[in-house]
Amino acid sequence: MIVALVVACEVAFWVLLAAGLAVRYLLRMPRLGLALLLCEPLLEAVLFAVTAVDLRNGAEPDWRHGLAAVYIGFTVGLGRSAVRWADARFAHRFAGGPPPVRPPRYGRARAVHEWKVAGRWTLAALTAAALLEAAVRYVGADGDTGSLRDWQLRMVWVIGVNLVIALSYTLFPKAEPAGAAEREPAKMR
């Protein structure tokens, strides 16, 4: 049941996002569109409550409970940037907005961008790890919490990989090819 709920929350996230943006831009009702977008955190609250009730009712903690915590953590850390990404593209495509800004490709600007991305992933992983730790403590010493601890270890890996990627762009910045500045339109810089 938990896995089905995680899948349902993910589908509902994208449905609410599309509905919110459609109402905002196509129907020109920005407040109603914003209200739909603000309903998205309710999905995570429902998932959190159902997972907690499942554990309270004596369910043995397993990978499904860990998946729910990770999903919530990743929505906290990455959900806002996903909404901004979709909003920029939807506004450009359907409402005559400016083209979405592309991330920088070279040098220090790219390194700064990668550190911001790593920060979002780190926030996601730390939130998930904190929820997993709360689940471990909630279950107590009587339950088998090994699968939840395994998820926590995966979150450490997520943080490590993202930090290595950001560090690689800092230590080995990609240089802009000669003449690239002349070939790119001024608005893309």
Side-chain angles (χ1 to χ4, degrees), residues 1-17 37-87 102-105 107-174:
M1 178 178 102
I2 299 291
V3 174
L5 188 57
V6 169
V7 171
C9 284
E10 181 66 10
V11 169
F13 173 86
W14 291 104
V15 168
L16 276 174
L17 180 59
L37 293 174
L38 290 175
C39 287
E40 290 182 351
L42 295 176
L43 300 170
E44 283 67 39
V46 168
L47 179 60
F48 181 77
V50 168
T51 304
V53 166
D54 191 44
L55 288 173
R56 187 186 67 206
N57 288 339
E60 192 67 31
D62 61 12
W63 66 272
R64 293 175 279 246
H65 299 97
L67 178 65
V70 169
Y71 177 79
I72 294 168
F74 279 35
T75 302
V76 168
L78 304 172
R80 185 173 177 211
S81 63
V83 170
R84 280 195 318 250
W85 176 89
D87 184 57
R102 294 183 180 177
R105 296 175 63 186
R108 186 169 194 262
R110 179 60 186 235
V112 169
H113 170 75
E114 292 299 330
W115 281 106
K116 288 178 182 178
V117 170
R120 287 191 294 270
W121 280 91
T122 300
L123 174 63
L126 288 175
T127 303
L131 289 171
L132 290 162
E133 184 61 30
V136 166
R137 291 173 187 239
Y138 186 67
V139 170
D142 296 337
D144 177 22
T145 58
S147 64
L148 300 176
R149 294 288 184 200
D150 290 344
W151 277 106
Q152 285 182 313
L153 183 60
R154 289 182 188 112
M155 295 305 99
V156 171
W157 276 98
V158 167
I159 293 169
V161 166
N162 279 280
L163 293 179
V164 166
I165 290 170
L167 186 61
S168 71
Y169 277 95
T170 302
L171 297 177
F172 309 106
K174 187 175 179 184

Tyr71 OH to Thr51 OG1 distance, which is reported to the nearest 0.5 Å: 12.0 Å
Flag side-chain contact, heavy atom, 4.5 Å: Met1 against Val50: yes
Arg110: salt bridge (Lys or Arg N to Asp or Glu O under 4.0 Å) partners, not counting sequence neighbours: Glu114
Reported OG1-to-CG distance for the pair Thr170 and Leu163, which is rounded to 0.5 angstrom: 10.5 Å
Spatial distance of atom CH2 (Trp151) from atom NE2 (His65) [nearest 0.5 Å]: 13.0 Å
Exercise: identify the closest heavy-atom pair between Thr145 and Pro61: CG2-CG, 4.4 Å
More than 12 heavy atoms from other groups under 6.0 Å of CZ on Arg108: no
Least distance between heavy atoms, Ala52 atom then Tyr138 atom: O-CE2, 3.7 Å
Non-hydrogen atoms of Ala125 and Ile159 that approach each other most closely: CB-CG1, 3.5 Å
For the student: nearest non-hydrogen atoms of Leu55 and Ala135, plus distance: CD1-CB, 4.2 Å
Of Leu38, Leu43, Leu37, the residue whose pairing with Leu16 passes side-chain contact (heavy atoms from CB on, under 4.5 Å): Leu43
Thr75 side, atom OG1; Arg80 side, atom CZ - distance, nearest 0.5 Å: 15.0 Å
Side-chain donor or acceptor of Glu44 paired with backbone N/O of Val76 under 3.5 Å: no
Interatomic spacing from CG in Asp62 to CG in Asp150 - rounded to 0.5 Å: 11.5 Å
4.5 Å side-chain heavy-atom contact, Val83 and Glu40: yes
Partners passing ring pair (Phe, Tyr, Trp, His ring centres under 6.0 Å) against Phe74 (at least two apart in sequence or in another chain): Trp121
Side-chain heavy atoms of Leu67 within contact of Ile2, under 4.5 Å: no
Straight-line distance of Glu133 CD to Leu126 CG, nearest 0.5 Å: 12.5 Å
Closest non-hydrogen atom pair between Ala109 and Pro104, with its separation: O-CG, 3.4 Å
Exercise: identify the closest heavy-atom pair between Leu132 and Ala69: CD2-CB, 3.7 Å
Side-chain heavy-atom pair Leu148, Trp63 within 4.5 angstrom cut-off: no
Leu131 vs Phe48 side-chain heavy atoms within contact, under 4.5 Å: yes
Within-4.5 Å side-chain heavy-atom neighbours: Arg154 and Arg149: no
